[in-house]
Amino acid sequence: MPQISEPITSRITALRKQLDYHNYLYYVLDAPEISDAEYDTLFRQLQELERQHPELDSSLSPTHRIGGAVARGFKPVTHSLPMLSLNNAFSEDEVAAFDQRVSEALGNAKTEYAVEPKFDGLAISLLYINGEFVSGATRGDGDTGEDVSANLRTVRAIPLRLFTEHPPERLEVRGEVVMLKRDFETLNAKQLALEGKPFANPRNAAAGSLRQLNPAITAKRRLHFFAYGIGQCTGWQLPLTHAEIMNQLATWHFPVTDMRQVVTGIDGLLSFYHRTAALRAQLPFDIDGVVYKVNVITQQQKLGFVSRAPRFALAHKFPAEEASTCLVSIEIQVGRTGALTPVAHLEPVVVGGVTVTHATLHNADEIQRKNLKIGDWVIVRRAGDVIPEIVSVVLSRRPIDAQDFVMPKRCPVCGSHVVRLPGEAIARCTGGLFCPAQRKQALWHFASRRAMYIDGLGDKLIEQLVDRGLVHDPADLYTLTATQLEVLPRMGEKSARNIVTAIAHSRQTTLARLVYALGIRHVGEQTAKDLAQQFGSLSMLMSADEPALLAIPDVGPAVACAVREFFAEVHNRTVIDKLLAAGISYPAPTAEKHMGLAGKTFVLTGSLTGMSRDQARAAIEAYGGKVVGSVSKNTDYVVTGDAPGSKLQQAHAFNITVLDETQYLKLLEQASGEFNA
Ligand code: IVH
């Protein structure tokens, strides 16, 4: 083994420390000191050094936060101290009774409590030995959980090392993994764009993500963590109160909520409850109540436990956001791509302070799985801002005339045939843009803020324009006049003029927005950006063949096929011609973005298993790299597949970096900035 020079070891250590620190500033304190680009540069430097010196790799390196090998299952882990549950209270009387019991047992006039929000996620335990993260497990049944260490390592808010020179020998940190509401929204939007099933709420999304066998997926799901206590701790003198333990956790760089407080007596408890309830909707994460804990540790010990819950703590839960009501009917909504979505119409009911009249049902299978019939009595849940859903049916209250739901054979809007392809959960209207429902949705999408951004062109106006036959396709928007608009109900002269101006302004756009606006199936905003970046013009994209499309990282067969099909369709080409004739234009692509391989020269040899030679070349070129036929001293990388030719020997002779297929894919991923996504 070659001698490793000291400077490299210390450079690697220094980079890891720096990255850990910036990670902490960004994910725990939400106060970054450097730009994403600067962070990326440090990250890549470390990755490169670790690649060159695999013997210096460490599971604690921040580079491992992007997820490692796929697991076959999770090992069971026995917690050294069981993970208990909390007794719940739903009323102020129950809280008063708790405070009275505690104060009497302790002989206190007024007891001091540490209070904090009750995070709605899933409990985990993290084990640190001599300050280094060793493993982490789910709560499981409280005694035995599952080892999800590889996934937890990807959670950036969890420190891989305690920030101290003098760590405890052995420390278990207990806390909750949650998904922030905004990350949940993004994830569900992605799930829907790929026509996967959306998660019901952030907690389910967090649980699903933490139990992924592929840690790289967990890494992309962006989980967050809050520490709320300590399990076993040896070789370290713990402070005397819970509040100080929380401060100590913060000093070690764990994320702890800044909503934590110390209060006294029942008044203190209840006023914290009401203050927190008032903040609930604005918080970036879901909470389902507050937790009260006797602050002084010796007092906690004196109170002890009853069965599986401590006597010294209480969860004061917010009222359940569930209610029961009648499922009056199931209507069908037709989406932009023709997907028929059943929507439940409910007898209006107040859930968590909001009147609910509709709930999504996703698809016919879901209705069957939940065993729903029209006329049933159902339990409805509303989680935060999420669309309400039906949790279950109350079978004991099923009326004898309850009706089965049948997916219609014809589109309720345009009468076209409905098809459900084998293997797909979604039934679709085959009417395409002939179907006014699809046309309206397509127009709405076209005009939306992230697409062509036509301010003022909302769904009501689109409805009128389509129903009156003024607009058939997006290109028709550009021929509308203020005089045509003025005569519409609720439309004055001024707003008509404003809309015509907004439509005119939208002509100057970007290729990515235009591609996204076309509403091609499976092509969300990011894919549209990738396509625009790769092809630079609409005509190049329209003539791209499948291999060229597949060469783009993240473009799989479904996307490639959808793009090809879209442009093969004559009426889509007609609309595009009309749009261009109407003066839609976009600037030529900038060379800056995703040019991670700029200036790098590649030679390919041997056959790759995952892609053709052409695809490999297109992918390199997409990121600004160049592919040449022969190896020279100017070559940066030689990519080898199966049965490489003499180019491999030449590479060795010139001392050129040789990449196998996996390393090559990794490099592409880095070049696309994907590792940071
Ligand atoms: S302390 C002895 N504090 O609530 C139990 N738990 O029903 C110590 N939870 O499984 C738990 N936020 O996942 C504690 N601030 C908080 C919490 C919290 C959420 C969860 C935890 C536990 C469940 C107990």
Side-chain angles (χ1 to χ4, degrees), residues 77 79-90 94-95 98 102 113-126 136-146 148 152 155 157-158 172-180 201-204 206-207 210-211 223-233 238 241-250 254-263 269 272-273 275-277 279-280 283-295 297 299-318 320 383:
V77 191
H79 303 298
S80 44
L81 275 183
M83 294 181 74
L84 303 176
S85 55
L86 292 169
N87 288 321
N88 289 327
F90 289 93
E94 288 171 275
V95 178
F98 161 78
V102 164
Y113 296 97
V115 294
E116 53 207 53
K118 184 168 190 301
F119 306 103
D120 198 5
L122 62 153
I124 55 155
S125 183
L126 304 169
T138 59
R139 175 174 186 269
D141 62 6
D143 293 316
T144 309
E146 287 179 318
V148 285
L152 289 171
V155 179
I158 296 179
E172 266 176 2
V173 175
R174 302 270 165 94
E176 198 93 345
V177 166
V178 298
M179 186 176 281
L180 301 186
N201 52 46
R203 186 192 21 172
N204 286 7
L210 197 60
R211 296 197 71 261
L223 294 171
H224 194 69
F225 173 72
F226 286 105
Y228 56 61
I230 279 181
Q232 214 184 34
C233 177
L238 276 177
T241 62
H242 180 77
E244 288 164 298
I245 291 179
M246 295 293 275
N247 293 343
Q248 182 57 56
L249 286 170
F254 286 95
V256 288
T257 171
D258 52 13
M259 291 164 74
R260 66 191 194 277
Q261 282 184 4
V262 176
V263 302
L269 296 180
F272 179 72
Y273 174 85
R275 262 176 291 138
T276 311
L279 285 176
R280 183 181 187 191
L283 296 177
F285 46 85
D286 275 350
I287 60 175
D288 57 346
V290 294
V291 183
Y292 309 137
K293 301 169 185 175
V294 170
N295 193 29
I297 304 294
Q299 296 186 357
Q300 289 190 359
Q301 286 160 348
K302 196 164 167 202
L303 289 161
F305 301 84
V306 201
S307 68
R308 308 285 294 164
R311 266 200 207 96
F312 56 80
L314 184 73
H316 188 179
K317 300 279 277 275
F318 294 136

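In this text the structure is predicted, and so the values were computed from the model without any measurement. The residues of the chain are indexed from 1 along the displayed sequence. First listed ligand is number 1; within each ligand, the first listed atom is number 1.
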Open item on the list: Quick one: does any side-chain atom of Asn295 pair with a main-chain N or O of His242 as donor and acceptor, under 3.5 Å?
Closed with: yes
Open item on the list: Please check this pair: side chain of Glu94 against backbone of Phe90, looking for a donor-acceptor N/O pair closer than 3.5 Å.
Closed with: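 Yes; judged by distance alone, with no hydrogens or angles, the pair exists.
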What part of [X], side chain from CB on, backbone N/CA/C/O, both or neither, has a heavy atom under 4.0 Å from ligand 1?
X	answer
Met83	neither
Arg174	neither
Lys118	both
Val291	side chain

Open item on the list: Does Val115 form a side chain to side chain contact (heavy atoms under 4.5 Å, CB included) with Val290? I'd like the steps, not just the answer.
Closed with: CA-CA 7 Å; Val115 294; Val290 294; over 6 Å; no
Would you mind listing which atoms of ligand 1 come within a distance below 4.0 Å of any non-hydrogen atom of [X]?
X	answer
Ala123	10 (O), 13 (O)
Arg139	10 (O)
Glu116	3 (N), 15 (N), 16 (C)
Pro310	2 (C)

TODO: Could you check which of Phe312, Tyr228, Tyr292 puts a non-hydrogen atom nearest to atom 16 (C) of ligand 1?
DONE: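 Looking at heavy atoms only, Tyr228 sits closest to atom 16 (C) of ligand 1.
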- [ ] Using heavy-atom distances, let me know which of Asp120, Leu86, Ile124 sits nearest atom 7 (O) of ligand 1.
- [x]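 Comparing heavy atoms across Asp120, Leu86, Ile124, the nearest one to atom 7 (O) of ligand 1 lies in Leu86.
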- [ ] Give a yes or no on whether the ring-centroid distance for Phe285 and Phe226 is below 6.0 angstrom.
- [x] yes
- [ ] Considering only non-hydrogen protein atoms, determine which one is nearest to atom 3 (N) of ligand 1 and report residue, atom name and distance to 0.1 Å.
- [x] Lys293 NZ, 3.0 Å
- [ ] Apply ring-ring contact (aromatic ring centres under 6.0 Å, His included) to Tyr228 and list each qualifying residue two or more places apart in sequence or on a separate chain.
- [x]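 Scan of Tyr228 (ring-ring contact (aromatic ring centres under 6.0 Å, His included), adjacent residues dropped) gives none.
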Task: Side-chain donor-acceptor contact under 3.5 Å, Arg260 with Asn247 - done: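 Yes, a side-chain donor-acceptor pair sits under 3.5 Å.
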TODO: Check whether the side chains of Arg308 and Ser85 place a donor and an acceptor atom closer than 3.5 Å, and report yes or no.
DONE: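 Not at all, the side chains of Arg308 and Ser85 share no donor-acceptor pair under 3.5 Å.
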Open item on the list: I'd like to know whether ligand 1 has Pro117 as a neighbour, heavy-atom separation below 4.0 Å.
Closed with: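 Yes, Pro117 has heavy atoms under 4.0 Å from ligand 1.
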Task: Carboxylate-amine/guanidinium proximity below 4.0 Å for Asp120 and Arg280 - done: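 No, Asp120 and Arg280 are not salt-bridged.
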